Each structure stands twice: as structure tokens, then as C-alpha cells.
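Basis for what follows: all heavy atoms, side chains included, without hydrogens, waters or symmetry-related copies. Letters A, B, ... mirror the listed sequences (proteins, then strands); counts begin at 1. Quick caveat: nothing in here was measured; it's all calculated off a predicted structure.
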Protein chains: 2
Amino acid sequence: MAAMKNTITQAAIDLFFKKGYYATSISEIAGACGIQKASIYYHFASKEDLLFTIMHDTMAALTAYLRRNLERVSGIEKRMRRAVSCHVHFHLEHQKETFIASSELRGLCRSNYLEIVAMRDQYEGIFQELIAAGTRRGVFAPCDVKILSYAILTLCTAGAFWFKPEGRLTVDEIATIYENFIISGLKQGRIEPLPA
Amino acid sequence: MAAMKNTITQAAIDLFFKKGYYATSISEIAGACGIQKASIYYHFASKEDLLFTIMHDTMAALTAYLRRNLERVSGIEKRMRRAVSCHVHFHLEHQKETFIASSELRGLCRSNYLEIVAMRDQYEGIFQELIAAGTRRGVFAPCDVKILSYAILTLCTAGAFWFKPEGRLTVDEIATIYENFIISGLKQGRIEPLPA
DNA sequence: GTCTATACGATGATAGAC
DNA sequence: GTCTATCATCGTATAGAC
């Protein structure tokens, strides 16, 4: 990506994260890049195009990251643990982008909205398949797959709302807490408790 | 509350829920009430005042509802189940207001923001006390109280984002799913599994 | 309490020079 | 690729009549 285009994208990510999409103006973004607001339009067609690009790239990277990490993991419980861990890691390590991607859908026009939602549905589908496979094999208790997949994903996504990199816990510690909580919630007393 | 003030509040709730706070204009709200936009300012000092009122009243009602419902319930697990059930019921039965309260904090100035966040912290504190009491008595596994309270609350709050009143499941069914998931997650295999 | 009229600022976006 | 200049629009909010 061209240098300035990248600079603009990063400035937009910072500002959208800090102030929100609507509260951020094109001239603020330009100011943060040391250029005039008209110059933004050489690189992006519109403010929404900038938002859409951020969301699209983030969703694509998130999905690719999960797929890559699940490739060589087998066993339902291990795969689910890995999926949760990936979700948490990606969201906390790309906190700004994932925060924007999950809170600024309102800023998109219908066609862009549908495209991002389709990517999100595809990503959620990976978790839904894992849950369904787990219940089929009796590793997880029978459950409503859709509701629980939403629950699991939002629970972790929420981390991107309050996480502070310099905070009390590391990303790994947080991921482990979520993993254990979620696996226990899915098993509902089934099989043996986790080894201490 | 005076009739028109109430009409304005309801129109604002509908529009803020449907389009978002920033995307909703004062004249749209006025239009929905059949009055001119200037008339709004007789009832509310500003657009933000309207948002703040909605959030404040919602948080107050939510906290009162939880407190009232916990009054006569004893036993850690039963109290936690009741708390989760209340949280879910209130959020799904007041979907629009709770959606606004949890997604439009960005629209508040610093002092109003701090006031709403203080109310939210107080509400979260009730759950944190329940979790802490449960771990002290060994009903729940040792855990990070703050992280899990955030997890539990956001998980249920998220229901207000996708819930459709005419959907496949009733509020009670959804509440039960969340209750079981959360209690199992808190116990982490501790004590006996739930009776089938 | 509600109206009409208006002040005032900011915003996204475009035109055209360099 | 970036600039200056500007457009057109829309927003919140206020003043003052009724």
C-alpha cells in the first residue's frame, strides 16, 4: 500500500477508535497526517469508503487468522479452545480495528453493510460448526447453537472495549479465563471436570 | 411526566434505536411527534439532554428492578440465576432503551458520561459481589471477579442487539440458556452437574 | 406550549491550479 | 499527489410572536 494511504488509514483507525466515526471529521484525519482535507479524496472516494476499507480488511485478517490457526488442531475441545484463544488474541492485539469493526456498522450504507455482515456471518459460522460438532459427539451438552455462538463471540469481543494493554492481566491470561469459562459453559457438567 | 415530553422521549428512543444518536436529527424527532423542532427545546435543554435522560432513567429502572427481584432470594446459586434472569428479561423487554444505554455513551459530555458510568459501575457491583460470595463459599471456582462480571453482563446485554420479539425463542427460553451457560462457567465442574 | 424565522458553525465533497 | 478555494447542505440552538 502507498505510504500516504497507509498513514491515512492508521490516523483514521486511531481517531475512529478514540472519538467514534461520526464525531471524527475528514479534516481531523487530514490534520493528523499533515495534509489538507481535500488530499484525502485522492486516496479514498469518501469518508465511508475509509471506514469500509478498515472494516473489510479487519474482518478478512480475522478470518484468515482463525482458519490458519485451526488447520493443524484436532479434537473438538482443543479446536474450540484454540478458536476462542484466537478470537481473544486477535481482538486484544488489534483492539482499535476490532472495536471499530464491531461498533460502527451504523456508518455503512446498505450494500457495504451487507458485505461486512456477510463476512461476519461466515466467521461466526466457523464457531457454529465447532459447537454443533461438539454436541453431536456428546462432548458438549445439547444447546441452541446460534444463541451460544453469539454469546461466546460477544463475550470475547467485549474485551476490545475495556482492555488496556498496560493493565493487570496479559492477553494470554485473559484468553485462558475465557477459554475455561466457555468450555465449562458448553459442557454443562458433562464428562469430567478440567484437571486442576 | 407531561404528555408531550413523554411523546418526545418515546420518539427519540425509537429513532436512536433505529438510526443511532448521531444520525438522528432534532427535526426528525419533532416530525415524529407532529411538532416543530424549536418546540423540542421547550421540553429539553439540548439533544444531549434528551439522550442523557433516556440513559439515566433506563439505568435507574434497571438497577431498581434487579434490587427488587433479589430481595427475597437466598442461596448463592439461586441469587446468581435470578440476577442473570433479571438482566436478560430487562434487556430484552426494554430492548430499545438498553441498546441505546449500552451503545451511545459516546454521545455524552464528560460530566454526563461520568454520571452514567457511575450508575453502571454500581449495577455491575451487584454481580461482582455475587460472584465473590460464590467463590468464597466454594460454590463457584476461584476466578477473576472483574473479568467474569464483564463477560457475564456483556454476554446477556448483547441479546438486546440481535433479539427480535417475534423470533424463534421466548425471553424466558433465552434467559434459561444464559443462566445454565453462566452457572456452569462459574462452577467449572465444581459440585455436581445440574440435574437433567 | 408551540410557532416562524434565523443565526451560526461545521461538514463532506468538488474544481481546478501547481 | 497535494494544494487553495469554495460549494451546498445540514446540524443545533436561539429570538421573539402568538
Side-chain angles (χ1 to χ4, degrees), chain A residues 1-56 100 103-113 115-116, chain B residues 1-56 100 103-113 115-116:
Chain A
M1 177 151 40
M4 184 50 77
K5 185 163 187 174
N6 194 49
T7 303
I8 293 169
T9 307
Q10 282 307 317
I13 288 172
D14 284 347
L15 286 162
F16 291 168
F17 176 70
K18 193 162 65 176
K19 315 184 48 175
Y21 174 70
Y22 282 105
T24 302
S25 69
I26 290 285
S27 50
E28 277 178 293
I29 297 170
C33 300
I35 57 174
Q36 294 301 310
K37 62 179 179 176
S39 306
I40 299 278
Y41 292 91
Y42 175 80
H43 301 279
F44 293 93
S46 65
K47 187 183 174 189
E48 192 199 329
D49 181 30
L50 188 41
L51 176 65
F52 176 73
T53 302
I54 293 168
M55 287 190 170
H56 181 276
I100 294 164
S103 66
E104 299 289 10
L105 278 169
R106 281 262 162 83
L108 301 174
C109 68
R110 181 150 180 83
S111 64
N112 282 340
Y113 172 82
E115 194 166 335
I116 298 297
Chain B
M1 178 148 46
M4 183 51 79
K5 186 162 185 175
N6 193 50
T7 303
I8 293 169
T9 308
Q10 282 307 317
I13 289 172
D14 284 347
L15 286 163
F16 291 167
F17 175 70
K18 193 163 63 177
K19 314 183 50 176
Y21 174 69
Y22 282 105
T24 302
S25 69
I26 290 285
S27 49
E28 276 178 294
I29 297 170
C33 300
I35 58 175
Q36 294 301 310
K37 61 181 176 175
S39 306
I40 299 278
Y41 292 92
Y42 175 80
H43 301 279
F44 293 94
S46 65
K47 187 183 174 187
E48 192 198 331
D49 181 30
L50 188 42
L51 176 64
F52 177 72
T53 303
I54 293 168
M55 286 190 169
H56 182 276
I100 294 165
S103 65
E104 298 290 8
L105 278 169
R106 281 258 160 86
L108 300 174
C109 68
R110 183 154 178 78
S111 64
N112 282 342
Y113 172 82
E115 196 167 333
I116 298 298

Measure the [atom1]-[atom2] distance between [X] and [Y] for me, rounded to the nearest 0.5 Å.
X        : Y       : atom1 : atom2 : result
B/Ser27  : B/Ile40 : OG    : CD1   : 9.0 Å
B/Thr24  : B/Leu50 : OG1   : CG    : 10.0 Å
A/Ser103 : A/Met55 : OG    : CE    : 7.0 Å
B/Ser39  : B/Ile8  : OG    : CD1   : 8.0 Å
A/Gln10  : A/Leu15 : CD    : CG    : 11.0 Å

Exercise. Applying salt bridge (charged side-chain N to carboxylate O under 4.0 Å, His left out), name anything that partners A/Asp49, two or more places apart in sequence or on another chain.
Key: none
Quiz item: Who passes salt bridge (charged side-chain N to carboxylate O under 4.0 Å, His left out) against A/Glu28, sequence neighbours left out?
Solution: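 Scan of A/Glu28 (salt bridge (charged side-chain N to carboxylate O under 4.0 Å, His left out), adjacent residues dropped) gives A/Lys19.
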Quiz item: Which of residues 16-25 of chain B sit near DNA chain D, with a heavy atom under 4.0 Å from it?
Solution: B/Thr24, B/Ser25
Practice problem: Would you mind telling me which of D/dG1, C/dG1, D/dC3 lies closest to the side-chain atoms of A/Tyr42? | Solution: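 In terms of side-chain proximity for A/Tyr42, the closest of D/dG1, C/dG1, D/dC3 is D/dG1.
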Quiz prompt | Residue A/Gln36, side-chain heavy atoms: nucleotide from C/dT11, C/dT2, D/dT4 that is nearest | solution = D/dT4
Starting at atom [atom1] of [X], determine the distance to atom [atom2] of [N], rounded to an integer number of angstrom.
X       : N      : atom1 : atom2 : value
B/Ile35 : C/dT4  : CD1   : P     : 12 Å
B/His43 : C/dC3  : NE2   : C1'   : 12 Å
B/Glu28 : D/dG11 : CD    : C1'   : 11 Å
A/Ile40 : C/dT11 : CD1   : P     : 14 Å

Exercise. Side-chain contact test, heavy atoms from C-beta onward, threshold under 4.5 Å: evaluate it for A/Thr53 versus A/Phe44 and give yes or no.
Key: yes
Under 3.5 Å, which donor-acceptor pairs do the side chains of residues 105-113 of chain B form with other protein atoms, sequence neighbours left out?
| residue | atom | partner | partner atom | Å |
| --- | --- | --- | --- | --- |
| B/Arg106 | NH2 | A/Phe17 | O | 2.5 |
| B/Asn112 | ND2 | B/Glu48 | OE2 | 2.8 |

Quiz item: Under 6.0 Å from the six-membered ring centre of A/Tyr41 and within 45° of its axis: does the NZ or CZ of A/Lys47 meet both?
Solution: no
Exercise. Take the angle between the ring planes of A/Tyr22 and B/Tyr22 and call it parallel below 30°, perpendicular above 60°, tilted in between.
Key: parallel
Quiz prompt | DNA chain D stem ranges, 3 or more consecutive Watson-Crick or G-U pairs under 3.5 angstrom | solution =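 Expected stems, ordered by start: C:1-18 with D:1-18.
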Self-check item: Protein-to-nucleotide contact annotation, 5' to 3' order, nucleotides 13-18 of chain C [B base; S sugar-phosphate only; - none; under 4.0 Å, heavy atom]
Solution: BBB---
Self-check item: Distance below 4.0 Å between B/Ser39 side-chain N/O and C/dG1 OP1 or OP2
Solution: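 Negative; the distance criterion is not met.
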